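Shown next, in structure tokens, is the structure this report addresses.
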Amino acid sequence: MTTDPAASLVEVAGLAKSFGDHHVLRGVDFTVERGTATVLLGPSGSGKTTVLRSLNVLETPDRGRVRIGDAAVDFAALPRSKAERRRTVKALRARSGMVFQAHNLFPHKTVLGNLVEGPVQVQGRRREEAEADARALLAQVGLAGREHAYPAQLSGGQQQRVGIARALALKPEVLLLDEPTSALDPELVGEVLAVIRDLAAEGWTLVIVTHEVRFARDVADQVLFLDQGVIAERGGPEVLVDPGEERTRRFLARVL
Ligand code: ADP
């Protein structure tokens with residue numbers, strides 16, 4: 001794989017993963033350009049979340065390569081030494097930030113405490129600097145002034161926006177979002193999607209698993225439609241308007 005700075009930010013090749021005899025990913029290949037939004041869509045169980053978690057090595061694929069920026073892992077040829085393996089995985093993991101369905105905020109820490117924990121404890125950054133960055137991120141997700149609130153004092157939508165800010169606080173090169181609105185009450189979905197739209201407009205590199213097809217149409221530069229562990233169709237947002245594949249068409253007819 002390349003270290004050419006003009007190359008794609010993310011490169012995924014031949015990703016395969018089985019759970020027992022269930023082949024969940026059967027050779028997934030794609031690239032993500034810097035500053036673009038990629039949306040992973042497809043039926044439940046098609047492997048979307050497994051792809052996303054593989055980019056962050058929360059899931060370890062059986063085969064395939066993932067490169068983000070200058071960090072790459074070949075899962076079929078992981079280093080033999082445990083320490084070396086850990087170093088390789090850690091380098092890749094540090095390039096991305098993950099936003100989960102449920103935000104997983106620390107309940108006993110304030111919003112600010114949640115945001116500075118990773119930068120200070122994991123990245124060894126100075127607290128004052130991390131707090132200044134955290135305040136700027138809170139403003140960006142529409143939560144300026146709420147830094148001293150505890151998660152339980154916030155709505156689900158606000159909590160998820162803190163979850164997004166927390167992932168960004170680690171300064172990832174790409175933000176991975178795993179169905180970021182699926183645990184929310186319907187009336188809170190819009191505010192979270194609006195924040196993600198803003199991030200896309202600002203040039204963040206995003207990879208998003210979502211069932212929100214209309215949102216996907218608005219935000220996606222690239223659409224990857226997964227079916228049974230392979231990318232069955234790919235293209236620009238027009239794929240969601242006029243799909244070329246029958247299985248994409250059937251999926252859209254069900255969810256729209
Ligand atoms: P999607 O995100 O498209 O709904 P997933 O990637 O979550 O799909 O899951 C794909 C398939 O892999 C599903 O059939 C799921 O049950 C299975 N799967 C995911 N994680 C595990 C696991 N840890 N153990 C066993 N099966 C799993």
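Only a predicted model underlies this, so the values are computations on that prediction, with no experimental measurement involved.
- With rounding to the nearest 0.5 Å, the separation of CZ in Phe75 from CG in Asp62 is 10.5 Å.
- Remark: Thr38 OG1 to Leu206 CG distance equals 8.5 Å, nearest 0.5 Å.
- Distance alone, capped at 3.5 Å, is enough to place a donor-acceptor pair between the Arg217 side chain and the Leu240 backbone.
- Residues Val219 and Val255 are members of one and the same hydrophobic cluster, defined by side-chain heavy-atom contacts under 4.5 angstrom among Ile, Leu, Val, Met, Phe, Trp and Tyr.
- Between Val223 and Pro237, the shortest heavy-atom distance links the atoms CG2-CA, 4.0 Å.
- Test Val57, Asp74, Leu55 against Val66 for side chain to side chain contact (heavy atoms under 4.5 Å, CB included) and you get one pass: Leu55.
- Inter-residue side-chain proximity for Leu137 and Ile164 is flagged as unmet; no heavy-atom pair is nearer than 4.5 Å.
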- Message: Using the rule given for side chain to side chain contact (heavy atoms under 4.5 Å, CB included), can you reason through Lys171 versus Arg125, listing the C-alpha separation, both sets of side-chain angles and the distance that settles it, and then say yes or no?
- Response: CA-CA 12 Å; Lys171 301 182 184 287; Arg125 293 178 51 210; 3.6 Å; yes

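- A salt bridge links Arg135 with Glu147; the closest basic N to acidic carboxylate O contact falls under 4.0 Å.
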- Could you walk me through whether Ile208 and Phe215 pass the side chain to side chain contact (heavy atoms under 4.5 Å, CB included) check? CA-CA 11 Å; Ile208 314 166; Phe215 162 72; 4.3 Å; yes

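- At a threshold of 4.5 Å between non-hydrogen side-chain atoms, the residues Val116 and Arg127 count as touching.
- Checking side-chain atoms of Gln158 against main-chain N and O of Ser155 turns up a donor-acceptor pair under 3.5 Å.
- Using a 4.0 Å cut-off between charged nitrogen and carboxylate oxygen, Arg166 and Glu117 do not count as a salt-bridge pair.
- Using a 4.5 Å heavy-atom cutoff, the side chains of Pro180 and Ile196 are in contact.
- Contact check for Leu41 versus Val209: no side-chain heavy atoms found under the 4.5 Å cut-off.
- Within 6.0 Å of atom CZ in Arg85, more than 12 heavy atoms from other residues, nucleotides or ligands are found, so the atom counts as buried in its surroundings.
- For the pair Arg67 (side chain) and Gly69 (backbone), a donor-acceptor distance under 3.5 Å is present.
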- Query: After noting the C-alpha distance and the side-chain angles of Glu173 and Arg34, does the key distance pass the salt bridge (charged side-chain N to carboxylate O under 4.0 Å, His left out) rule?
  - Reply: CA-CA 8 Å; Glu173 295 196 48; Arg34 203 177 285 277; 3.5 Å; yes

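- Here Arg197 pairs with Asp218 in a salt bridge; the nearest charged N to carboxylate O distance falls below 4.0 Å.
- When side chains are defined from C-beta on, Met98 counts as touching Leu52, because their heavy atoms get closer than 4.5 Å.
- Residues Leu168 and Leu112 do not share a hydrophobic cluster, defined by chaining ILVMFWY side chains whose heavy atoms lie under 4.5 Å apart.
- A pairwise comparison of heavy atoms in Val24 and Gly47 identifies CG1-CA, 4.2 Å as the closest pair.
- Leu115 and Val120 fall into different hydrophobic clusters, where Ile, Leu, Val, Met, Phe, Trp and Tyr are joined by side-chain heavy atoms under 4.5 Å apart, directly or via other members.
- Leu143 is not listed as a side-chain neighbour of Val111, based on a closest heavy-atom distance of 4.5 Å or more.
- Under the 4.5 Å side-chain heavy-atom criterion for Ile, Leu, Val, Met, Phe, Trp and Tyr, Val141 and Phe106 are members of distinct hydrophobic clusters.
- Between Asp133 and Pro119, the closest side-chain pair of non-hydrogen atoms is not below 4.5 Å.
- Listed for the Gln101 side chain is no donor-acceptor partner under 3.5 Å among the backbone atoms of Asp178.
- No side-chain heavy atom of Arg146 sits less than 4.5 Å from a side-chain heavy atom of Leu138.
- Taking hydrophobic clusters as Ile, Leu, Val, Met, Phe, Trp and Tyr residues chained together by side-chain heavy-atom distances below 4.5 Å, Leu170 does not share a cluster with Leu175.
- The CD1 atom of Ile231 lies 9.5 Å from the CG atom of Leu15; values are rounded to the nearest 0.5 Å.
- Residues Glu59 and Ser54 have side chains that never bring a donor and an acceptor to within less than 3.5 angstrom of each other.
- Between the side chain of Lys17 and the main chain of Thr50, no donor-acceptor pair closer than 3.5 Å is present.
- Closest non-hydrogen pair, Val51 versus Leu40, comes out as CG1-CD1, 4.1 Å.
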